[in-house]
Amino acid sequence: MTELLAVITITIFAVISPGPDFAMVTRNSLLLSRRSGVLTALGIAFGVWVHVAYTLLGVGLLIRQSLLLFTGLKLVGAAYLIWLGISMLRAKPTRATASTERVALSDLGALRMGFLTNALNPKTTIFVVSLFMQVVQPTTALSVQMAYGAFISAAHLIWFAIVALFFSSPTVRLRLLTFRQWIDRAFGALLVGFGALLAAASVTR
């Protein structure tokens, strides 16, 4: 019971803390559509399973012990965030009409974006590996550990689906879409900033 409560508490705080996942869901929900935002959230939930899978397979311990491997993963994640951010910064301003919003990103594209944003997110790597290495006991049954992974994934889906629903609500979008171009640039700069900080921390460590 103590282990379960620890997993639930740590997961909730980790999920709601701001990061690339939050920025991506907010941006897609606000500038594209509610469907894009929810699918991005679903992709993020799928991405969590990448971290859970390699942790349960024992690769998480290798990542934690190998500074070179962990640094390499962080640099890949940083490069992806910077690429996404630059793409947003370079996007040409368009009118926020219903027709253009819904073709801007396919369903598969929204899923892929959410999945890669989380799967390549070092923050999630640190969170999942640390949780399973320090909180979950080695004697805990594999089925229970997989249940923890399912909870972590579900927590990401629920939280980011709520974020998507909020930022895609007509009232919020009506007030903010006037600044569509600047919002895209702001989120682009935010992702570039996340990536740059990750890269700098990896190189200087």
Side-chain angles (χ1 to χ4, degrees), residues 1-29 37-67 69-78 80-81 111 113-167 190-191 193-195 197-202 205:
M1 182 60 68
T2 302
E3 181 180 278
L4 175 61
L5 290 176
V7 169
I8 292 174
T9 303
I10 295 172
T11 297
I12 291 174
F13 280 108
V15 170
I16 65 177
S17 62
D21 292 344
F22 183 87
M24 191 56 59
V25 172
T26 302
R27 184 261 179 187
N28 287 352
S29 303
V38 172
L39 286 172
T40 302
L42 183 60
I44 288 170
F46 287 151
V48 170
W49 279 105
V50 173
H51 305 284
V52 173
Y54 64 63
T55 300
L56 293 182
L57 290 172
V59 181
L61 180 61
L62 176 62
I63 293 173
R64 188 175 179 183
Q65 296 297 325
S66 174
L67 180 60
L69 178 58
F70 186 52
T71 299
L73 290 174
K74 289 174 70 175
L75 288 175
V76 170
Y80 178 70
L81 292 178
L111 273 170
M113 184 177 288
F115 176 81
L116 291 176
T117 299
N118 186 274
L120 297 175
N121 186 358
K123 171 191 168 186
T124 312
T125 300
I126 297 171
F127 157 59
V128 174
V129 172
S130 298
L131 183 67
F132 277 85
M133 296 298 173
Q134 298 181 10
V135 177
V136 180
Q137 299 298 317
T139 54
T140 300
L142 179 60
S143 59
V144 175
Q145 295 189 46
M146 291 186 67
Y148 290 157
F151 170 76
I152 296 170
S153 178
H156 278 77
L157 176 59
I158 293 171
W159 168 248
F160 289 115
I162 292 173
V163 172
L165 292 176
F166 174 78
F167 282 100
L190 189 62
L191 289 177
F194 276 129
L197 287 174
L198 284 173
S202 301
R205 187 169 177 176

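Note that NZ of K123 is 11.0 Å distant from NE2 of H51, once rounded to the nearest 0.5 Å. Atoms NE2 and CZ, on H156 and F151 in that order, are 10.5 Å from each other to the nearest 0.5 Å. In this structure, the separation between CG on L157 and CD1 on I44 is 9.5 Å, given to the nearest 0.5 Å. Taken to the nearest 0.5 Å, the CG atom of L4 stands 9.0 Å off from the OG1 atom of T9. Separation of atoms CD1 (I8) and CD1 (I152) is listed at 10.5 Å; rounding is to 0.5 Å. Taking CG of L116 as the start and CE of M24 as the end, the distance is 10.0 Å to the nearest 0.5 Å.
Of the residues V15, N121, V48, V163, the one that meets the side chain to side chain contact (heavy atoms under 4.5 Å, CB included) test with D21 is N121.
Defined by atom type and a distance below 3.5 Å, a donor-acceptor pair is missing between the side-chain atoms of Y148 and T11.
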Problem set entry | Verdict with supporting geometry, I10 and F127, side-chain contact (heavy atoms from CB on, under 4.5 Å) | CA-CA 9 Å; I10 295 172; F127 157 59; 3.8 Å; yes
For this session: Kindly indicate, with the supporting measurements, whether the criterion side-chain contact (heavy atoms from CB on, under 4.5 Å) is fulfilled by F160 and T40.
Result: CA-CA 8 Å; F160 289 115; T40 302; over 6 Å; no
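At a threshold of 4.5 Å between non-hydrogen side-chain atoms, the residues V128 and Y54 do not count as touching. No side-chain heavy atom of N28 sits under 4.5 Å from any side-chain heavy atom of F167.
Panel note: side chain T117, backbone M113; a donor-acceptor pair is recorded below 3.5 Å. Between the side chain of T140 and the main chain of Q137, a donor-acceptor pair closer than 3.5 Å is present. Remark: side-chain polar atoms of S29 are not paired, donor with acceptor, to backbone N or O of T26 under 3.5 angstrom.
Minimum heavy-atom separation, A6 to V135: CB-CG1, 3.6 Å. In terms of heavy atoms, V38 sits closest to A164 at N-CB, 3.7 Å.
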